[in-house]
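Note that the numbering runs from 1 along the sequence shown for the chain.
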Amino acid sequence: MERRSFIKKATLSSFAALIGADIVFGSNILEGYFPIGLQDPDPFTMFNKHKEMVVLNDKPWNIEAQAHLLDDEITPNEKMFVRNNGLLPEEVNAKTWTLTIDGESVVNSKTYTLSELKSKFKHYSYQLTLECGGNGRSEFNPPAKGNQWTVGAVHCALWTGVRLRDVLEDVGIKNNAVYIGYHSTDVHLSRDPKKEPISRGAPMSKSLQDETLLAFKMNGKDIPMVHGYPLRLVAGGWPASVSGKWVNRISVRNKVHDGAKMTGTAYRVPCEPVAPGEKVKDEDMCIIESMPVKSLITYPKTGATISEGKSLRIRGHAWAGELEVSKMEYSIDFGATWNRCSIEPPANRLAWQHFSATVTFPKRGYYEVWARATDSKGKAQPMLLPGWNPKGYLNNACHRIAIKVK
Ligand SMILES: Nc1nc2c(c(=O)[nH]1)N[C@H]1C(S)=C(S)[C@@H](COP(=O)(O)O)O[C@H]1N2
Ligand SMILES: [Mo]
């Protein structure tokens, strides 16, 4: 009689996904045994993150980058921020993973396996800027509750998958479709299986864009577990909360989706500007759609010292939600005067753009380099803070670095 009971294949594959490597002798693992690689509560090891990433919260995990870590043109996994609203899915098995398309506005609901999705529809790859709606929240006054992101809740990775549009067309969408809503397998903090940590979505016009993907690869590899393995919705240029991780169901709704964090004040800002600290009624709050124009200086790191007489090459990225960035400038005199940076076109729509400039300083001393992007409709970043809002969203103030000339 076999008395030893080995862990299930599904458990093994979710262990492997979490560790980010094949567990070569995994079939020998006994039930109830937890590989030490997973007992390690260190998020840097567990999620393969760069040592300089900053952990804001561990339940749920919220981890941000620093500006200088985001220097790569395409953000690698190690430097991508993590924003979870709940606990990681408990069991993930790509082999049995399915995606169901349902809702009031589908002709007939339909379920696809992951391999059906991959074989039936054409694959596309896009670099997509995903920024948390709350990025920059820490600067608002009066302060807003929530993760106190500084500048690091943004990334631009290369996502590969099938177009949501192609899948929706395959299912058949009724004329009264208004919105899609995603559903995922992560676990509510209360562990109540009836509650979802988050279930957001997008209007049909955004859902049907070329670049809106059901992605199964990130930067050419399986999506890392913490970023949504094995299937993720990605919708660049909108608050990253629209890009549902671990997606197993998409509902096509005949009204604005009313899932978790779609209603009340979540991911909404006052429809009209308000004074700092002002109370705003729920019905006067509007859902955030395209993100505002913004930029980051990713080189050098703030605090750098250079020698007198030397010029400084600065570089970074700029993005503008659904729009392009048409002008990029820097200032070394606290915003009194501005000089042009050169800026490249995006790799594709909704990808961030790279800028650079050669900066010279008149004499020794302390300087700040400020960067300001302007979008294709002529809207520029505010120098210090944009309009206050109760939940602390959309802080697109100019990024600033300190430089000493010695
Ligand atoms: N299923 C699920 N999808 C999710 C979330 C989540 O908690 N659960 N968080 C959202 C939010 S608020 C953000 S900002 C992005 C973060 O993506 P990242 O962790 O891959 O950087 O994922 C979004 N998709
Ligand atoms: Mo977010």
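Between Q209 and E322, the side chains place a donor N or O and an acceptor N or O closer than 3.5 Å (distance only, hydrogens not considered). Inspection of the T100 and R249 side chains reveals no N or O donor paired with an N or O acceptor under 3.5 Å. Looking only at atom types and distance, the side chain of S105 has no donor-acceptor partner in the side chain of N254 under 3.5 Å away. Side-chain contact check for K245 and N84: at least one donor-acceptor pair (N or O, by modelled atom type) lies under 3.5 Å. Counted by atom type alone, E52 and H68 present one or more donor-acceptor pairs between their side chains at under 3.5 Å. For S295 and Q381, the side-chain atoms include at least one donor-acceptor pair closer than 3.5 Å. Using a 3.5 Å distance cut-off with no hydrogens or angles, the side chains of Y124 and R163 do pair a donor with an acceptor. Side chain to side chain, E139 and N395 meet the donor-acceptor criterion of an N or O pair below 3.5 Å. Donor-acceptor pairing under 3.5 Å is recorded for the side chains of T298 and D71. A side-chain donor-acceptor contact under 3.5 Å links E131 and W319. Neither side chain, T185 nor N248, offers a donor N or O lying under 3.5 Å from an acceptor on the other. Judged purely by distance below 3.5 Å, without hydrogens or angles, the side chains of N85 and R83 pair a donor atom with an acceptor atom.
Annotation for Y366: atom OH counts as buried by contact number, over 12 foreign heavy atoms lying within 6.0 Å. More than 12 heavy atoms of other residues, nucleotides or ligands lie within 6.0 Å of NZ in K174, so this atom counts as buried by the packing criterion.
Contacts of E31 classified as side chain to side chain donor-acceptor pair (under 3.5 Å), with partners at least two apart in sequence or in another chain: S5. In this structure, R340 has no side chain to side chain donor-acceptor pair (under 3.5 Å) partners at least two apart in sequence or on a different chain. Remark: D72 engages K79 in a side chain to side chain donor-acceptor pair (under 3.5 Å) (not counting sequence neighbours). Not counting sequence neighbours, the partners of E90 by the side chain to side chain donor-acceptor pair (under 3.5 Å) test are R191. The salt bridge (charged side-chain N to carboxylate O under 4.0 Å, His left out) check on D333 picks up nothing, with sequence neighbours excluded. With sequence neighbours excluded, no residue forms a side chain to side chain contact (heavy atoms under 4.5 Å, CB included) with P345. Under the ring-ring contact (aromatic ring centres under 6.0 Å, His included) criterion, W149 pairs with F81, sequence neighbours left out.
Here the CG-SG distance, from N147 to C132, works out to 7.5 Å after rounding to the nearest 0.5 Å. Rounding to the nearest 0.5 Å places CG of L231 at 5.5 Å from CG of L214.
Looking at every heavy atom in both residues, S27 comes nearest to L12 through N-CD2, 4.1 Å. Minimum interatomic distance between L130 and A240 (heavy atoms only, all atoms of both residues): CB-CB, 4.0 Å. Between W370 and M383, the shortest heavy-atom contact is CZ3-SD, 3.7 Å.
Aromatic ring centroids of F47 and W61 lie under 6.0 Å apart.
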Where do R253 and E104 land on the salt bridge (charged side-chain N to carboxylate O under 4.0 Å, His left out) test, with the steps shown first?
CA-CA 5 Å; R253 308 296 314 269; E104 302 94 358; 3.0 Å; yes
For the pair E211 and R349, evaluate salt bridge (charged side-chain N to carboxylate O under 4.0 Å, His left out) and give the outcome as yes or no after the intermediate values.
CA-CA 8 Å; E211 301 83 4; R349 224 176 68 76; 3.2 Å; yes
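Under the 6.0 Å distance and 45° angle rule, R372 counts as a cation-pi partner of W338. Judged by the 6.0 Å and 45° rule, K118 forms a cation-pi pair with F216.
The closest side-chain heavy-atom distance from N339 to E329 is not below 4.5 Å. When side chains are defined from C-beta on, L114 does not count as touching L99, because their heavy atoms never get closer than 4.5 Å. Counting only heavy atoms from C-beta outward, the side chains of V226 and L88 approach each other to under 4.5 Å.
Legend: ring-ring contact (aromatic ring centres under 6.0 Å, His included) pairs involving residues 82-113, not counting sequence neighbours, sorted by first then second residue: Y112-F121. Annotation: ring-ring contact (aromatic ring centres under 6.0 Å, His included) contacts involving residues 266-308, sequence neighbours excluded, comprise Y267-Y393. For residues 172-210, every residue pair satisfying the ring-ring contact (aromatic ring centres under 6.0 Å, His included) rule, not counting sequence neighbours, is listed here: H183-H257. For residues 189-228, no pair satisfies disulfide (SG to SG under 2.5 Å), with sequence neighbours left out. For residues 269-287, no residue pair satisfies the side-chain hydrogen bond (donor to acceptor under 3.5 Å, both in side chains) rule, not counting sequence neighbours.
For K406 and E308, the salt-bridge test fails: no basic side-chain N is under 4.0 Å from an acidic carboxylate O.
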